[in-house]
Amino acid sequence: MCIDCVKQKCPDRGSFCVDDGSYTMNFHECAECHKKEPIKIEDRQKETDDDGAETISYSHRCSFCNHCIAEHSHIFQIDGEFQEYSMLCVLCGRGEDTVSILPTDPREVTSLY
């Protein structure tokens with residue numbers, strides 16, 4: 001990964017988590033060839049561990065010189081009644097989100113009494 005290629009290292013993206021694509025607004029230029037060509041995605045891999053957590057990882061690369069701009073990691077898992085997502089990437093940033101799998105989110109239910 002190369003922090004010289006990005007405007008901001010690992011920007012905070014809040015609950016935004018992606019398992020594909022590139023955050024091109026954070027791309028400054030390739031530190032190797034100094035071009036701002038479209039970013040390509042390579043070496044996409046999907047792995048599932050024994051607990052059922054799914055990890056998708058890939059490289060963001062310069063489409064002109066193939067310089068590695070960043071390594072992207074996205075993790076999805078189910079924890080009880082919730083789906084949990086997390087993303088970490090020098091280019092795309094870091095983000096986490098938790099979503100209920102139930103029709104009504106138990107965190108948002110208010111007491112009637």
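Bear in mind that the values here come from a model prediction, so they are computed numbers and not experimental data. Values below: every heavy atom of this structure, side chains too, minus hydrogens, waters and symmetry copies.
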Short side-chain to backbone donor-acceptor contact, [X] and [Y], under 3.5 Å:
X   : Y   : value
N26 : Q8  : yes
Y58 : G21 : yes
H72 : S22 : no

H74 to V18 - nearest heavy-atom pair and separation: CD2-O, 3.3 Å
Minimum heavy-atom distance C65-C33, with the two atoms named: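 Minimum heavy-atom contact is SG-SG, 3.8 Å.
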Euclidean distance, [Y] [atom2] relative to [X] [atom1], rounded to 0.5 Å:
X   : Y   : atom1 : atom2 : answer
Q45 : S59 : CD    : OG    : 8.5 Å
C68 : D43 : SG    : CG    : 8.5 Å
M87 : S15 : CE    : OG    : 10.0 Å
D19 : T55 : CG    : OG1   : 11.5 Å
T98 : E84 : OG1   : CD    : 4.5 Å
C30 : R61 : SG    : CZ    : 10.5 Å

For residues [X] and [Y], determine if any side-chain heavy atom of one lies less than 4.5 Å from a side-chain heavy atom of the other.
X   : Y   : result
S57 : E71 : no
Y23 : R13 : yes
D49 : Q77 : no
R44 : I56 : yes

Criterion side-chain contact (heavy atoms from CB on, under 4.5 Å) against C10, the qualifying member of L91, V90, I3: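 Going through the options one by one, the only one that passes is V90.
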Residue that, paired with E29, satisfies side-chain contact (heavy atoms from CB on, under 4.5 Å) out of E37, K35, H34, K7: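 Testing each of E37, K35, H34, K7 against E29, the sole residue satisfying side-chain contact (heavy atoms from CB on, under 4.5 Å) is H34.
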Within one Ile-Leu-Val-Met-Phe-Trp-Tyr cluster: I78 and V99, side-chain cutoff 4.5 Å: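 Yes; tracing contacts between hydrophobic side chains, which count when under 4.5 Å, links both residues.
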Audit row: E32, N66, side chain to side chain contact (heavy atoms under 4.5 Å, CB included) steps and yes/no: CA-CA 9 Å; E32 292 291 314; N66 207 40; over 6 Å; no
So does [X] have more than 12 non-hydrogen atoms from other groups sitting under 6.0 Å from [atom1]?
X   : atom1 : value
F76 : CZ    : yes
E96 : CD    : no
K46 : NZ    : no

R94 and D12: CA distance, side-chain angles, deciding distance, side chain to side chain contact (heavy atoms under 4.5 Å, CB included) verdict: CA-CA 5 Å; R94 64 185 183 284; D12 184 359; 4.0 Å; yes
